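Data block below; observations after.
Predicted, not measured: the structure shown is a model, and the values here were computed from it. Hydrogens, waters and symmetry mates are skipped; everything else that's a heavy atom, side chains included, is used.
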Protein chains: 2
Amino acid sequence: MQPKHPANSEAPSRALTDYPRPSVAVDTALLTVADRALSVVLVQSGDRPALPGTFLHEGETLRDAVLRSLRVKCGISGLEPRQLRVFDAPGRDTRGWVLSVAHLDVVPARDLTLDASLAHPTAVGSARTLPLMYDHAEIIELAVDALRAEYADRPDPRPLLPEPFTLRELQTLHEAIAGERLPRDAFRRRMEPLLTDTGELSRGTRGKPARLFRRTPDPRR
Amino acid sequence: MQPKHPANSEAPSRALTDYPRPSVAVDTALLTVADRALSVVLVQSGDRPALPGTFLHEGETLRDAVLRSLRVKCGISGLEPRQLRVFDAPGRDTRGWVLSVAHLDVVPARDLTLDASLAHPTAVGSARTLPLMYDHAEIIELAVDALRAEYADRPDPRPLLPEPFTLRELQTLHEAIAGERLPRDAFRRRMEPLLTDTGELSRGTRGKPARLFRRTPDPRR
DNA sequence: GAAATAGTGTCTGTAAGACACTATCGG
DNA sequence: CCGATAGTGTCTTACAGACACTATTTC
């Protein structure tokens with residue numbers, strides 16, 4: 001006899017708690033752009049690096065569990081986690097039946113005040129060569145792809161840049177995320193209509209001063 | 001004291017099972033194209049329609065749980081469920097702490113042999129007006145968007161059409177999924193290079209016989 | 001003035017939408 | 001022949017990439 005789905009169960013013969021339940025964890029690829037390189041925050045877990053994560057508490061949403069794990073392990077708050085997918089391979093955790101809901105989150109490098117002995121950002125290129133825990137390497141790949149898709153046709157949706165910013169600063173950010181150089185003129189033509197010109201100019205920089213922009217308040221994409 | 005994440009736990013002071021765990025269910029938007037309309041299979045659950053679903057069993061993957069629920073409730077097999085996202089609002093199930101992993105799956109209408117008293121396909125337009133269970137209306141929206149994205153630039157990735165097929169048949173399928181008419185010539189120019197011409201022609205149809213195509217074996221997208 | 005960066009204009013290739021035309025079947 | 005559908009060609013518009021040129025600052 002198998003348990004009936006709640007949506008199909010008018011009078012379940014046994015309580016939900018009579019059936020075995022998995023432990024549910026969250027693991028988060030916390031991405032940032034440091035020194036023009038897209039990086040992921042890794043914590044040390046026994047003998048190998050891993051993504052920050054925690055178990056889901058009772059009465060807590062997945063989002064709150066992610067925020068709690070990042071607050072505790074990285075001392076940051078105010079983020080917007082996005083679900084990637086559930087990892088459910090039966091043997092993925094040797095100590096029991098554990099599902100992990102992989103997440104992506106993003107933080108400006110200047111807001112990262114990490115205890116360097118516990119957590120540190122690593123360029124995603126280098127992270128690929130590390131012996132990461134479980135399916136964490138795959139989570140990072142998913143997170144990078146998801147972030148690239150978010151940034152492909154929008155100026156800094158998360159956001160990562162402090163306002164106001166120049167088009168050059170925006171392009172440098174997009175190039176770090178895309179992992180490749182972008183054509184300057186085409187980038188400008190695509191992004192400028194999506195930004196709001198402040199009318200001000202950058203000062204104290206080398207070369208001709210650049211116009212400063214703000215993000216245009218969300219016109220629903 | 002909070003439980004440590006397994007990835008950070010060398011010697012956990014307590015076993016995983018000492019902490020409260022949620023029940024985990026799967027719910028699936030099973031989509032099909034019937035009579036030129038994109039439809040979703042609904043089952044009756046007490047007083048309202050719902051998506052087919054079940055609880056995750058121990059040692060079972062989410063994929064297997066989805067396949068089991070569709071086999072039991074709709075008598076179909078051999079599908080490819082795709083995760084959409086986890087629904088985790090604390091109050092979403094009145095009987096306890098239940099997470100639901102929403103899935104999308106697709107089946108050709110001719111393979112649907114439903115017990116009509118238990119399950120039946122409903123056009124997604126009409127389904128929007130029904131009083132569905134829990135978050136099932138939102139799951140359907142996610143599923144439709146995901147399927148549209150899968151079909152936007154590929155001929156028949158799932159697949160839904162029996163081979164061989166004409167470009168007209170393929171276009172009718174795409175129009176049902178997209179929910180709108182598509183320009184005939186542009187559709188042809190985009191899709192024909194992605195198909196393999198069988199060299200055969202349709203027969204017994206009205207008008208000029210059309211060339212018959214097969215899907216080109218997956219060149220990785 | 002030299003170096004560096006910002007901003008703009010032009011050309012080309014590609015792809016989509018609109019439209020029209022020809023081709024080939026059943027009746 | 002007529003109606004219907006298949007298949008193709010052309011025009012226009014939009015946009016990206018490539019490239020070049022001008023503009024304005026710091027040093």
Side-chain angles (χ1 to χ4, degrees), chain A residues 33 35-36 148-157 161-216 219 221, chain B residues 35-36 148-156 161-216 219 221:
Chain A
V33 174
D35 204 19
R36 296 200 170 194
R148 284 180 181 162
E150 284 187 22
Y151 272 74
D153 55 355
R154 272 167 293 185
D156 196 21
L161 275 187
E163 293 183 318
F165 49 81
T166 66
L167 273 167
R168 165 73 68 184
E169 289 165 342
L170 184 67
Q171 183 174 345
T172 302
L173 170 66
H174 276 74
E175 288 176 342
I177 290 171
E180 61 180 9
R181 296 298 305 272
L182 299 172
R184 188 171 66 106
D185 39 12
F187 181 81
R188 174 177 229 100
R189 279 191 294 252
R190 264 189 306 127
M191 293 301 171
E192 189 173 334
L194 306 176
L195 296 171
T196 300
D197 192 338
T198 64
E200 297 171 13
L201 295 177
S202 63
R203 292 187 306 178
T205 57
R206 196 165 44 178
K208 178 175 173 178
R211 286 147 70 201
L212 291 168
F213 295 88
R214 296 184 187 282
R215 285 174 286 278
T216 301
R221 188 187 146 65
Chain B
D35 204 18
R36 295 200 171 195
R148 283 180 182 161
E150 284 188 20
Y151 273 76
D153 55 354
R154 270 166 293 185
D156 186 19
L161 275 186
E163 293 183 317
F165 49 81
T166 66
L167 273 167
R168 166 72 68 182
E169 289 165 342
L170 184 66
Q171 184 174 344
T172 302
L173 170 67
H174 274 75
E175 289 176 342
I177 291 172
E180 62 181 8
R181 296 298 303 273
L182 299 172
R184 189 171 66 104
D185 40 11
F187 181 80
R188 173 177 230 98
R189 279 193 293 251
R190 262 190 307 125
M191 291 302 169
E192 190 174 333
L194 305 177
L195 296 170
T196 300
D197 192 338
T198 64
E200 299 170 14
L201 296 178
S202 65
R203 292 187 305 176
T205 56
R206 200 165 40 177
K208 177 174 171 177
R211 284 148 70 199
L212 291 168
F213 295 88
R214 295 184 187 283
R215 285 175 286 277
T216 301
R221 175 190 151 70

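- Looking at which nucleotide of DNA chain C each of A:A210 and B:D185 is closest to, the 5′-most match is held by A:A210.
- From one end of the helix from C:dG1-D:dC27 to C:dG27-D:dC1 to the other, with five pairs defining each end axis, the axis direction shifts by 10° (rounded to 10°).
- Shown here for B:L182 and B:E175, the closest heavy-atom pair between the two residues is N-OE2, 3.0 Å.
- Between chain A and DNA chain D, the heavy-atom contact criterion of under 4.0 Å yields a 5' to 3' nucleotide range of D:dA16 to D:dT26.
- Rounding to the nearest 0.5 angstrom, the gap separating the OG1 atom in B:T166 from the CG atom in B:L201 is 11.0 Å.
- Atoms CG and CG, from A:D156 and A:L194 in turn, are 12.0 Å apart once rounded to the nearest 0.5 Å.
- Taking CD from A:E169 and CG from A:L212, the interatomic distance works out to 7.5 Å, rounded to the nearest 0.5 Å.
- Atom CZ of B:R189 is separated from atom P of C:dT14 by 14 Å (rounded to the nearest Å).
- Remark: P of C:dT5 and NZ of A:K208 are 14 Å apart, rounded to the nearest angstrom.
- The CG-P distance, from B:L194 to C:dA15, rounds to 11 Å in whole Å.
- Distance CE (B:M191) to C1' (C:dA15): 14 Å, rounded to an integer number of Å.
- Residue contacts for A:R211: at a heavy-atom cut-off of 4.0 Å it reaches the sugar-phosphate backbone alone, with no base atom in range.
- Between B:G207 and A:F187, it is B:G207 whose nearest contact on DNA chain D lies nearer the 5' terminus.
- B:R206 has no side-chain polar atom (N or O) that falls below the 4.0 Å cut-off from OP1 or OP2 of C:dG26.
- One atom, CZ of B:R181, and another, P of C:dA18, lie 12 Å apart when rounded to the nearest Å.
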